[in-house]
Protein chains: 4
Amino acid sequence: MGSVKTRRMPRAVREQQMLDAAVKTFGQRGYMAASMDEIAELAGVSKPLVYLYLNSKEDLFTACIRREAAALTEAVRAGVRPGLGADRQLWDGLCAFFTHTARNPDAWAVLHLQARTHPEPFAAEVAAMREEIVAFVTQLIVAAARQAHRDPDLPEREVAGLAEALVGAAESLADWANTTPGVSARQAATTLMNFAWAGLGSLMEGRSWSPPDHGRESSAP
Amino acid sequence: MGSVKTRRMPRAVREQQMLDAAVKTFGQRGYMAASMDEIAELAGVSKPLVYLYLNSKEDLFTACIRREAAALTEAVRAGVRPGLGADRQLWDGLCAFFTHTARNPDAWAVLHLQARTHPEPFAAEVAAMREEIVAFVTQLIVAAARQAHRDPDLPEREVAGLAEALVGAAESLADWANTTPGVSARQAATTLMNFAWAGLGSLMEGRSWSPPDHGRESSAP
Amino acid sequence: MGSVKTRRMPRAVREQQMLDAAVKTFGQRGYMAASMDEIAELAGVSKPLVYLYLNSKEDLFTACIRREAAALTEAVRAGVRPGLGADRQLWDGLCAFFTHTARNPDAWAVLHLQARTHPEPFAAEVAAMREEIVAFVTQLIVAAARQAHRDPDLPEREVAGLAEALVGAAESLADWANTTPGVSARQAATTLMNFAWAGLGSLMEGRSWSPPDHGRESSAP
Amino acid sequence: MGSVKTRRMPRAVREQQMLDAAVKTFGQRGYMAASMDEIAELAGVSKPLVYLYLNSKEDLFTACIRREAAALTEAVRAGVRPGLGADRQLWDGLCAFFTHTARNPDAWAVLHLQARTHPEPFAAEVAAMREEIVAFVTQLIVAAARQAHRDPDLPEREVAGLAEALVGAAESLADWANTTPGVSARQAATTLMNFAWAGLGSLMEGRSWSPPDHGRESSAP
DNA sequence: AATGAATGAGCGTTCATTCAT
DNA sequence: CATGAATGAACGCTCATTCAT
């Protein structure tokens, strides 16, 4: 499919072709199960050329992670307009996120599934991206707390946990939306906003849920 | 550790040793990167014995998934007392969940990370467990809605999305709690309850977040 | 099938059961492809018992060859009555041979196919049997020559070649009769007698076929 | 022998080297006992190259069978000149056959011994060749019958049995000639012609050997 | 700019064989 | 008399990687 043998292409183009093939293969097979043969064939080049341009399998996978992480964060960043309110920014970011992951399922599989299974050199790459997103969300939460005329006296770790939960829910919903047919990016974003925003809001108004210490019974929500 | 060469053990015991070693190795290396040699050595037996008792690498991994999935669901089930309120059940379940994942990080890695990267024979195994948990959470949400004297007129898909988001947040917090030093299971559970319970509550009271259609501005939480 | 677990049998019986299973397995799978596990299971005993009674796979195979070679030669010997004429003796021997190979196809496969593919320790065993049969046939040919009032001035090597050809034709016809449905032992024997006897006869009357030396044309038979 | 490490050969050449080594190894060890390591080493290449060119052990063996079967049938075909009489054609074919098997003993072992011990994928290959030869011989027999001004009223199965016997005798004599020192191809062919031709001739003149039904005595040849 | 030819190292799997009971 | 438990050694096959052109 599309394997029209067009030789003698400039290096930058060839590299992108290789990365495309690699992302597809890594995303579907996983890092270990993907073979350089398959990637080279899918890219329409010979194996030595892959090694000439991207030094090793490890470097190739790292390049995939970097490219796709940049593309994802860029997509989210481009979807958010800075002037608007915190909830609107969060909504826009989530829409961009779900749209991008839906359009690039292999890339999302690389970032979310495959890269995390091999901690040594790869998880650090994707962790950087994730932390960037978590920081962005954290800042939104803090901004929302300010917007609610409340001192952001939420302890830092608590905010970190909330952001982690929010991002985790988003990741899980991305998989869910990709797997379940007929779930659009907007629907996924709506679900998450409904789930999270009120909780965050009441949290900021001081109405936090308290754990039942020593066998106390808790009330309904 | 404890690799005293104690020969001639009954089969059932040896099998558990092998599964222990396999869970550890699979959880840390991933399915493909884990070698049967390493597993056998860690189990303190020779490779042929592993093949004699657990027919193949695939079967071994499946056995790991099954055992750990059963252990996790059993731990959650044992932590929940049926008579109590929905929020208390959810809290207890989350505590049990975070406690179990914290005590069995390799098992959690197998279930959450490794099993999902090889869809063909394994994802189905873990998907069954996940659906069981999602169903449990869904039932809690519906129960909470009833408890709030509200007709559970939430559309089915909406509830499914909420449960997915909740479980995803829990999974993500489990990783976070395992990685971040000093975060206890109770703290993770508290964070998630804070994050989710109010949101669910306001949702049930009809105050749902509405997406900004065509450029409408939304309000602060 | 027939695996009624009858423990504690006398050694001689067990050995025969093992040899039965071994002949069947070796005959169908070949020496290398047959596994001791399969043989032990088919014999209804545990593997160590096989090693206790028949020391190794090699010895087991040798024992199979010996038993079946003896059975075959005994069957042929029993079919031949010494007082009769040479052609009748040959006919009776062939009938006995084809009958035995048809009734014991696995044994025949062991002797004719499997044992010959591994020259080092096994071919010698079966070669002994074969030479015994070739000698018997040779003696018949010589007797027939005497019976025809001819001096057996056939050179020794020529007689050896004839016997070899006759035995080879018989072996090939045994396979053919086993494979082709509806070919009885008598039919195979008749075919071979028709094929060979007249040739031998005219040979002894001095009418031998002469090779076309240096481009000479030969006549029709 | 000749194991000068000459690297970088074109694929076609390497493939023939590999097939040479494989035929030798398979012919001497048998299919199961031959190891790919040994074949690769004998071919002077590394194992992966063998797998790159000839996909598997099974395919390699099949390729050996095909090449050697084609070579053998071609040698026989090339030795027979169509215009001559049936006996001359048979003689020429036998000479070519015995010459080829004597010059390529390993190839003959592959075809005659090794390929027949593993029926599932291999026997069909060699059976095709054998049937081709049997058909050729059958046609010669029928032609000879016509040449003798006799209606070929031999029943079809009878002719098939005769051809089978003739081919079997030839195969056996090939082994015998290969094993016994000082037996030339012409001598083997002469022996077989003497053995078979007169028998066929008298058969066609209606003088067929009749089996002794119910204890009748038979006469000398 | 690009490739055909080639390999060292390792993995999943199997098997004949033994030990302790 | 008989076996459950266990292994050293090897085999078929694959893969990331390089060299020579």
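Below, read A as the first sequence line, B as the second, and so on, with proteins coming before strands; counting in each chain starts at 1.
Put simply, CZ on B:Arg29 is 10 Å from P on E:dC11, counting in whole angstrom units. The nearest whole Å value for the distance from the CG atom in B:Leu52 to the C1' atom in E:dT14 is 11 Å. The CD-C1' distance, from C:Glu15 to F:dC1, rounds to 14 Å in whole Å. Rounded to an integer number of Å, the gap from D:Glu41 CD to F:dA10 P is 14 Å. One can place CG of B:Leu49 at 14 Å from C1' of E:dT14, the figure rounded to the nearest angstrom.
Taking A:Asn55 as the reference, A:Asp59 meet the side-chain contact (heavy atoms from CB on, under 4.5 Å) condition, with sequence neighbours excluded. A:Gln16 is linked by a side-chain hydrogen bond (donor to acceptor under 3.5 Å, both in side chains) to A:Arg67, counting only residues two or more places apart in sequence or in another chain. Not counting sequence neighbours, the partners of C:Tyr53 by the side-chain contact (heavy atoms from CB on, under 4.5 Å) test are C:Arg11, C:Arg14, C:Glu15, C:Met18, C:Leu49. Taking D:Ala124 as the reference, nothing meets the side-chain contact (heavy atoms from CB on, under 4.5 Å) condition, with sequence neighbours excluded. With sequence neighbours left out, the side-chain hydrogen bond (donor to acceptor under 3.5 Å, both in side chains) criterion links D:Lys57 to no other residue. The side-chain hydrogen bond (donor to acceptor under 3.5 Å, both in side chains) check on D:Arg29 picks up D:Glu38, with sequence neighbours excluded.
Side-chain proximity of A:Met9 to F:dG4, E:dA2, E:dA6: nearest is E:dA2.
B:Arg11 comes within contact range of the sugar-phosphate backbone alone, with a heavy-atom separation under 4.0 Å but no base atom that close.
Contacts classified as ring-ring contact (aromatic ring centres under 6.0 Å, His included) and involving residues 17-40 of chain D (residues at least two apart or in different chains) are given here: D:Phe26-D:Tyr31, D:Phe26-D:Phe61, D:Tyr31-D:Phe61, D:Tyr31-D:His118, D:Tyr31-D:Phe122.
In terms of phosphate contacts, B:Arg14 brings a side-chain nitrogen or oxygen within less than 4.0 Å of OP1 or OP2 of F:dA6.
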Inset, instruction - Report, as a single string ordered 5' to 3', how protein heavy atoms within less than 4.0 Å touch nucleotides 11-17 of chain F: B base, S sugar-phosphate only, - not at all. - result: -BBBBSB
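Remark on DNA chain E: of its neighbouring residues D:Pro10 and A:Tyr53, the 5'-side contact belongs to A:Tyr53, judged by nearest-heavy-atom nucleotide.
Every stem involving DNA chain E, taken as at least 3 paired positions in a row under the Watson-Crick or G-U wobble test at 3.5 Å, is listed here: E:2-21 with F:2-21.
How far NZ of B:Lys47 is from CD1 of B:Ile39: 11.0 Å, rounded to the nearest 0.5 Å.
Shown are B:Leu72, B:Asp106, B:Val23; of these, the side chain to side chain contact (heavy atoms under 4.5 Å, CB included) with B:Leu111 is made only by B:Leu72.
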